[in-house]
Protein chains: 2
Amino acid sequence: MQRRVTIEDIAREAGVSRQTVTRAMNDMPRISEATRARVLEVSERLGYRPSRFASNLARTSKAKTIAFVVDSFRNPYYSELTADLLDAASARGWQMTIASHENEPELELIGRLAGEVDAIVGYLSEPDETALVAAARGVPIVLLGSTVTTESLHSIDLDFISAFRKLIPELESRGSRRFALLESQPLGTEYDPSTRRIAYERAVDTRSAEAVVVCEAPPQSVDAGELGFNELMDRFPDTDTVIAFSDLIAMGALRAAHHRGIDVPGQVRLVGVDGLSLGAVTSPALTSLAILGTEFTEQIADVTERALSGAEVPFEHRSVVPLVIWRESA
Amino acid sequence: MQRRVTIEDIAREAGVSRQTVTRAMNDMPRISEATRARVLEVSERLGYRPSRFASNLARTSKAKTIAFVVDSFRNPYYSELTADLLDAASARGWQMTIASHENEPELELIGRLAGEVDAIVGYLSEPDETALVAAARGVPIVLLGSTVTTESLHSIDLDFISAFRKLIPELESRGSRRFALLESQPLGTEYDPSTRRIAYERAVDTRSAEAVVVCEAPPQSVDAGELGFNELMDRFPDTDTVIAFSDLIAMGALRAAHHRGIDVPGQVRLVGVDGLSLGAVTSPALTSLAILGTEFTEQIADVTERALSGAEVPFEHRSVVPLVIWRESA
DNA sequence: AACAAAAGCGTGATCGCTCACGCAGGGCTT
DNA sequence: AAGCCCTGCGTGAGCGATCACGCTTTTGTT
């Protein structure tokens with residue numbers, strides 16, 4: 001392993017001082033064109049790469065970098081949220097690095113990120129918050145979409161209880177009587193019931209509360225929605241309104257309905273969750289309990305901004321209510 | 001502006017040495033539980049944030065970070081590519097930061113990124129390569145999807161000429177006679193004809209070469225495709241095969257065809273470009289000249305790896321040929 | 001011609017952390 | 001009881017850049 005080429009090497013080779021090399025590299029004034037060219041030539045020849053750590057340390061950089069962590073950027077919900085958050089981040093002059101915990105143990109990932117960024121934002125699944133905070137080694141964490149119990153990190157939760165409590169009556173006023181939920185997360189020893197499911201069950205009548213079908217593998221996909229919808233209509237044929245766990249699942253349901261000759265929203269009303277922009281181009285366009293396009297992104301950015309501001313900021317726990325976007329499917 | 005809380009402050013306040021603070025923070029051995037707890041408590045109280053620059057500098061970090069730059073992460077092509085590249089990057093232990101040049105002058109962006117990452121990869125639109133390289137201040141650039149003329153950066157281009165030369169005859173063997181192109185990029189003083197258009201024109205007969213419709217604003221969207229397809233069928237009614245600039249545009253065309261009662265692929269065959277996974281869930285599923293899911297990602301990662309390896313690597317210029325994925329629409 | 005100003009370049013000091021050591025004290029072995 | 005290892009800490013020396021100066025030499029001004 002050969003030693004790194006430093007500014008000193010360039011200086012020696014070009015017969016100038018470090019400062020002059022700096023001047024040449026960052027095109028600062030007070031250097032002649034001739035020497036600048038010579039230095040640049042030498043640095044190219046030796047393959048010099050300035051160390052971003054050294055220079056940022058020396059200039060006590062104000063540049064902030066945040067990490068955004070999600071399950072998978074292949075899921076349109078996460079990728080759209082990423083795009084939104086990137087806008088908010090760059091508006092504030094932050095860099096944003098992305099990571100998914102598909103291929104790496106989460107705590108390990110957090111540990112790696114902690115050495116590289118100034119804040120970690122995202123959907124994390126590690127339930128042990130203390131371990132999370134420990135792995136982050138002083139780097140603040142903004143946890144999304146889940147309820148935090150300790151006072152050691154920031155969080156922004158989604159209030160599906162309120163959202164469903166508003167959604168269901170509105171649907172009823174449009175004629176909905178028999179609801180059903182296309183759930184994504186199985187109920188079992190290792191899974192708590194999803195907050196969406198809880199919110200759904202609380203908001204509907206008892207008969208509808210039983211009409212829940214879990215979309216199996218592959219999870220969170222259009223195909224899962226298609227399968228799930230078919231099973232749903234087989235088991236609960238008098239359903240007139242379907243709430244899907246996500247817009248992706250709703251899109252699958254839409255396709256299944258199409259194949260079965262079921263008119264949406266004529267025979268069955270369909271509501272997704274997420275507010276994907278993709279939902280606007282299906283036919284019929286998807287009505288959705290939107291997270292995207294609400295204040296969610298701004299809240300994330302705002303809390304992150306505080307977290308970044310350093311020192312002893314109190315831990316914030318906010319909650320945003322998803323908002324219904326009425327389109328054609330319901 | 002108050003001074004930053006450093007490791008020294010913690011050490012003083014906790015009555016220990018810097019090294020002990022380091023040991024506590026990075027939970028290293030050779031420290032008693034009592035002192036570790038005390039140090040942690042103090043550091044929390046003072047709001048200590050370790051400087052990632054200082055620590056990385058001191059440990060001469062091997063961690064690499066690359067920046068991935070595209071037009072917009074709202075475009076599914078870019079977001080899927082991002083997901084693919086992220087996999088390749090994390091498999092190699094790199095961090096990946098993302099940036100779009102929607103809201104910021106490109107050269108400025110490059111300059112900012114240069115101070116934060118070890119390589120810049122992406123679709124860049126600045127035509128002045130010298131300016132690009134200068135803005136990057138020694139940080140290597142891997143340019144995607146365009147032909148490079150100078151020998152100062154790496155590049156990976158898409159060979160649409162070859163791709164179309166294979167695609168068109170295959171379509172003809174399936175019965176296609178009158179082709180049309182749904183182009184996205186207008187032809188004008190500030191735009192060169194797109195490589196896709198050139199490749200198309202070279203591969204089809206003269207009559208088809210005239211059948212080109214430009215999908216206007218908003219560019220690169222489903223809506224644009226819908227409008228474009230309608231115009232196309234109005235102006236060139238005997239078209240039997242439509243090549244869309246992208247899968248998104250093809251999806252719009254699909255919708256338009258649906259509304260006009262045109263059967264795809266029965267009456268009109270439709271081929272997109274990109275290979276979006278989304279194309280698999282439309283009905284009919286989209287045949288596409290795929291970039292995603294080909295060796296493109298691996299080639300990018302491979303070239304980037306060389307670029308990152310430092311020193312005097314020769315500049316590479318590779319080219320990958322998009323690959324037809326036959327699905328239902330053609 | 002005299003003096004000021006600017007251009008061109010170099011020398012510590014410093015940014016905040018980690019690493020390689022060094023050194024004391026307590027519990028083990030033999 | 002002498003020797004040894006292990007635990008628990010602390011001290012100097014960098015990591016690779018930039019910044020604030022300071023020093024010559026040129027250029028310009030009156």
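So that the names make sense, note that chain A is the first sequence line, chain B the second, and so on, each numbered from 1.
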B:Asp9 CG to C:dG16 P, in whole Å, measures 9 Å
Check your understanding: Salt bridge check: are B:Arg4 and B:Asp9 linked by an N-O gap of less than 4.0 Å?
Key -> no
Side-chain atoms of B:Ser55 come closest, of C:dT18, D:dG8, D:dG10, to C:dT18
Among D:dA17, C:dC19, C:dT18, the one nearest any side-chain atom of B:Ala58 is C:dT18
Regarding the side chain of B:Arg59, the nearest nucleotide among C:dT18, D:dA17, C:dA6 is C:dT18
DNA chain D nearest-nucleotide lookup for B:Glu33 and A:Val21: closer to the 5′ end is B:Glu33
Regarding the side chain of A:Ser17, the nearest nucleotide among C:dT11, C:dG16, D:dA17 is C:dT11
**Asked** Would you say A:Ser55's side chain and A:Ser51's backbone share a donor-acceptor pair under 3.5 angstrom?
**Response** yes
Per atom distances to the B:Tyr48 side chain, the nearest of D:dA17, D:dC9, C:dC17 is C:dC17
note: A:Met28, atom CE; C:dG10, atom P; distance rounded to Å ~ 14 Å
From the candidates D:dG10, C:dG12, C:dG16, the one with an atom nearest any side-chain atom of B:Val16 is D:dG10
query: For C:dC9, does either OP1 or OP2 sit under 4.0 Å from a side-chain N or O belonging to A:Thr35?
result: yes
note: A:Ile31, atom CD1; D:dT26, atom C1'; distance rounded to Å ~ 17 Å
**Prompt:** Quick one: is A:Thr22 getting a side-chain N or O under 4.0 Å of the D:dC19 phosphate, OP1 or OP2?
**Reply:** no
Any side-chain N or O of B:Ser32 under 4.0 Å from OP1/OP2 of D:dG8?
no
Check: Are A:Phe68 and A:Tyr78 close enough that their ring centers fall under 6.0 Å?
Finding: no
note: B:Met25, atom CE; C:dG16, atom C1'; distance rounded to Å ~ 13 Å
Whole-Å distance, B:Arg12 CZ to C:dG16 P, equals 12 Å
Could you tell me whether A:Arg112 and A:Glu116 have a side-chain N and a carboxylate O separated by less than 4.0 Å? no
(request) Indicate yes or no: does A:Glu80 engage B:Arg74 in a salt bridge with an N to O separation below 4.0 Å. (result) no
Would you call B:Arg318 and B:Asp302 a salt bridge, taking side-chain N to carboxylate O under 4.0 Å as the test?
yes
Assign each of B:Arg30 and B:Ser51 the nucleotide of DNA chain C bearing its closest heavy atom; nearer the 5' end lies the nucleotide of B:Ser51
Of the candidates D:dG16, C:dT11, D:dG14, the side chain of A:Arg18 sits closest to C:dT11
note: B:Lys62, atom NZ; D:dC15, atom P; distance rounded to Å ~ 16 Å
Rounded to 10°, the helix from C:dA1-D:dT30 to C:dG27-D:dC4 deviates from straight, judged by its five-pair end axes, by 30°
Just to be sure I understand the rule, does A:Leu57 reach a base, reach only the sugar-phosphate, or reach nothing, if contact means heavy atoms closer than 4.0 Å? base
Check: Are OP1 or OP2 of D:dT18 and a side-chain N or O of A:Thr60 less than 4.0 angstrom apart?
Finding: no
> What does B:Asn26 touch in the nucleic acid at a heavy-atom separation under 4.0 angstrom: a base, only the sugar-phosphate, or nothing?
Replying inline: sugar-phosphate
Atom CD of B:Glu8 and atom P of D:dG10 are separated, to the nearest Å, by 12 Å
query = Just checking A:Arg23: base, sugar-phosphate only, or nothing, at a heavy-atom cut-off of under 4.0 Å?
reply = base
Exercise. Classify the ring geometry between A:Tyr123 and A:Tyr77 as parallel (under 30°), tilted (30 to 60°) or perpendicular (over 60°).
Key: perpendicular
Rounded to whole Å, CD of B:Gln19 lies from P of D:dG12 at a distance of 14 Å
ask   = Does B:Asp118 come within less than 4.0 Å of A:Arg49, counting only side-chain N to carboxylate O?
value = no
>> Classify A:Pro29 by what it touches in the nucleic acid, base, sugar-phosphate, or nothing, heavy-atom distance under 4.0 Å.
In response: nothing
Sorted by chain and number, sequence neighbours left out, salt bridge (charged side-chain N to carboxylate O under 4.0 Å, His left out) with A:Glu33 holds for A:Arg36
Between A:Val5 and B:Arg36, whichever has its closest DNA chain D nucleotide further toward 5' is B:Arg36
